[in-house]
Amino acid sequence: MTTGTSEQHIVSYGKLTAIWLALLALTALTVWVARHNVGIGHVWGSLAIAVIKGGLVIAFFMHMKYEGRLLRWLLFFALSVLAIFIGLTFFDVLYR
Amino acid sequence: MNSAEKVHPPGNGGFWNDTGKTGITAWIFSTDHKRIGLLYFYSVLTFFLIAVVLGVLLRIELMAPGRTIMGPQTYNAVFTVHGVLMVFLFIIPGFQGSFGNLVMPIQIGARDVAFPRLNLFSWWLYMAGAAVIITSLFTGGGPPDTGWTFYVPFSERTGTNVSLAVFGVFIVGFSSIITGLNFVTTIHRLRAEGMTWGKLPLFVWSLYATAWVQILATPILGITLALIIAERFLGTGLFDPARGGDPLMYQHLFWIYSHPAVYIMILPGMGVISEIIPAFARKPIFGYKMIAFSSIAIAAAGSLVWGHHMFTSGMSDTAILVFSFLTFVVAIPSAIKVFNWVSTLYRGSISLEAPMLFALAFILLFSIGGLTGLILGAAATDIHVHDTQFVVGHFHYVIFGGAVFAFFGAMHYWLPKFYGRRYAEKPAVVAWVLMFVGFNITYFTMMVLGMKGMPRRYYDYLPEFAPLNLVSTIGSWILVSGLILMLVNLFRGLFKGEPIDRNPWGAATLEWTIPTPPPTENFEEEPVVTHGPYDFKKAGIT
Amino acid sequence: MSGGLHKDNAGAKLGMWLFLFTELLLFGGLFLLYAAYLARYPREFGAAGREMHLGFGTLNTVILITSSLLVAMAVTAIQRGARRMVLLLLGGTVLCAATFLFNKYLEWSAEIGNGIYPGSSRLTAGPPGESVFYSLYYLTVGLHGLHVLIGATLLTFVAVRVQRGTIHAGDYVLLENGALYWHLVDLIWIFIFPLYYLIL
Ligand code: HEM
Ligand SMILES: [Cu+2]
């Protein structure tokens, strides 16, 4: 027998396929935005879309939505650390 | 001490003879955390001793101006290899690998770590990385001469065997990551019943914080080292100004790992001290929560201060301001620990045995190291002493006086438990005195020399620095004679000394409740924890 | 709580996630460099990005997303005890991985043919930011490709265990962890794609 919290949670094929379709749509969207929106500003737009896509993958494909609070918290923590590393470096990059 | 039933040499009793395999395979293929701990212990100790010899050679070269025993190129190679071995093969893997493995699972009431086979794999990776590093010394263009920091652009251009050495460090880093994730999982999943986070021994807390640093910072080192190799072989030019690269980005990446790495070195040491002090003051630790919390705070805040290594590199002024400020913030949790240790000592019934002496030396030397660190962390004063012998003195105070003295303390405190025999007290004290005195003569003098302007990483110096350098070198001989005495006494004791019973120090953590040496499974039945780690009364110790 | 007798699946998954964090930070170092150099050379990055093969990039994105779907379905399938289905889905995933790498090979060949590779005379002569862009591109995508290779090998190994029946509806944490690794490969590509292909 298995133990733990999320193992028993089964994500149906239908739901996974829906997520897949959403990811494809977002991919199309991001390509479209990039082609119709010249200028550096859209880096943020593309990144925002990438974040949404990443969120979908993590939440449903990787079952994070069905995990306990610990894992979610730790993931948030790890990503924050990366953001801080990049952010603090920019005190140098931007002001040199 | 009731010794009648306990006259057994190591290899006889507890986990020592609980195995089907014999000889070396019983060790190098064992997944028992205690055996892996000892494997790690002897491995890191070996590299420590090799590196000590190199350190002494450095000091001998500096004994008098001009060439004494080696020329400039050799000197460059020797301090590089000394630094690389000490940092990457001794003190970073040292605590987690040896004492972390030996005692952490027992302290939380577990039979082993969460992933025993991964644990063994981690040791193998460590050895493989070490083998690659050693190979790099004797092949290709000879031992690297970049300093342990592998700074670009020199590390990209030097003809010495940097690529291979860096690759070795990369592998060792991977091993460190694996240990880290193993420990975090273990501490989350395998605590015995009743072992709540609030009852976790402080050593475990410190390992937990350290493990997080290993997990989140080491990958940055990995990619940085991989980039050096890519720069050398593929000519990617990412750090080459001629092609748009920026050497300072290398320094950022390197220190994003390597400053937190200082906490990988020192945090477990602080944990050891937090175990030893209550045991030998026979008093519950003062401010348990503050010490546990400050471990986390040090790990967190310590990850934000890497820029203080770059004040003179040409980083932006804004960044200098930010990093200087943040560096001062890290001093707070470190100071919290020191105050709590001292408060624990206050009115305790202190017994000055060897582990306690090392703990006291730690507090003093670490404080000196930490306070001189503030001189370096303040941008204005750093510009004066940057890259001088002051820096060398400072970090030896922190790492040697702090982490390594704690390591010695741990050797005296815990190894007898695993061998079932102990060292003689008097020689241990003499050795401690020699090391303490020698240490201060060696490194305090180096700090003074740095203040006077003697730069680091040179085999030669101006004649006016000669007298103090001689003093420092003589200090290093005293230090090493103490070291030798300590090791001889310790190991003689472990193999031939007086047998000990379960709890020779009268400590209240779980490892002292099981037989000496511990059986393979640690606990006959799963323990149920009912009192805190320093609650001597409830543990029935008076 | 204490392990030893029964398998601790939640622990195994926690360990896997921790490992994924280290992978994120490994790539994080490269993303950090990307961000810093983008801030310095926005125009050169734009110019270089325009020359990338958007077609290959988009196709590979679709392939990876699809492979992620397949491996996620494989987890669902094993929970339902449909072994043949699991094997089919894993086979599909590995096939996607191979196609991805083959595309990469074609793409890189074309680029190298155009004189775009680290240290090439064309890049050395061009503006400094461009050479940085392509160096980062090769390193990041190369490292990612390595992960595709490792992930595919891992999933093949998992498939063999499913075939042998050592991974089954009652104990499939290995498959779950393999799938997690594969999703991470996808996740990183989701960020590589806009940063390198869409920065026009
Ligand atoms: C008997 C013990 C030791 C002696 C005599 C010694 C001596 C020295 C000396 C003289 C230098 C400076 C060379 C220079 O810059 O000109 C040095 C550098 C260094 N030492 Fe030690 N040391 C000892 C122990 C340690 C320990 C225990 C550690 C750390 C765990 C350590 C880590 C380092 C590092 C990282 C460097 C910097 C290397 C570089 O510049 O790249 N040393 N040591
Ligand atoms: Cu630092």
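Chain naming here is simple, since letters A, B, ... match the order of the sequence lines and numbering starts at 1 in each.
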Assess whether side-chain contact (heavy atoms from CB on, under 4.5 Å) is satisfied between C:V132 and B:F239, documenting all intermediate values. CA-CA 9 Å; C:V132 168; B:F239 303 126; over 6 Å; no
Applying side-chain contact (heavy atoms from CB on, under 4.5 Å), run through C:L123 and B:R243 and close with a yes or a no. CA-CA 9 Å; C:L123 289 185; B:R243 295 170 50 201; 5.9 Å; no
Within a radius of less than 6.0 Å around CZ of B:R157, do more than 12 heavy atoms belonging to other residues, nucleotides or ligands occur? no
With a cut-off of 6.0 Å (strictly less than), are more than 12 heavy atoms of other residues, nucleotides or ligands near CZ of B:F170? no
What residue in C:G126, C:A12, C:G28, C:P127 has the most heavy-atom pairs under 4.5 Å with chain B? C:A12
Can you tell me which of C:G11, C:G29, C:G142 forms the most heavy-atom pairs within a distance under 4.5 Å of chain B? C:G11
Residue pair B:D246 / C:R40, side-chain heavy-atom distance below 4.5 Å: yes
Are any non-hydrogen side-chain atoms of C:F19 and B:L118 less than 4.5 angstrom apart? no
Engaged part of [X] at the chain C interface, taking heavy atoms whose separation is under 4.5 Å:
X: B:A114; answer: neither
X: B:L181; answer: both
X: B:L238; answer: both
X: B:L227; answer: side chain
X: B:F174; answer: side chain

Can you measure from [atom1] ([X]) to [atom2] ([Y]) and round to the nearest 0.5 angstrom?
X: C:E23; Y: B:I177; atom1: CD; atom2: CD1; result: 8.5 Å
X: B:Q214; Y: C:L18; atom1: CD; atom2: CG; result: 12.0 Å
X: B:R189; Y: C:D8; atom1: CZ; atom2: CG; result: 4.0 Å
X: C:T22; Y: B:I215; atom1: OG1; atom2: CD1; result: 8.0 Å
X: B:I223; Y: C:L26; atom1: CD1; atom2: CG; result: 4.5 Å
X: C:L14; Y: B:T185; atom1: CG; atom2: OG1; result: 4.0 Å

C:Y117 side-chain N/O to B:L234 backbone N/O, donor-acceptor pair under 3.5 Å: no
Side chain from CB out, backbone as N, CA, C, O: work out which of these in [X] comes under 4.5 Å of a heavy atom of chain B, or both, or neither.
X: C:Y37; value: side chain
X: C:L139; value: side chain
X: C:Y138; value: neither
X: C:L24; value: neither

Under the side-chain contact (heavy atoms from CB on, under 4.5 Å) criterion, do B:T236 and C:L136 qualify, and how do the steps go? CA-CA 8 Å; B:T236 41; C:L136 274 175; over 6 Å; no
Verdict with reasoning, C:L32 to B:I256, per side-chain contact (heavy atoms from CB on, under 4.5 Å): CA-CA 11 Å; C:L32 189 158; B:I256 285 178; 3.7 Å; yes
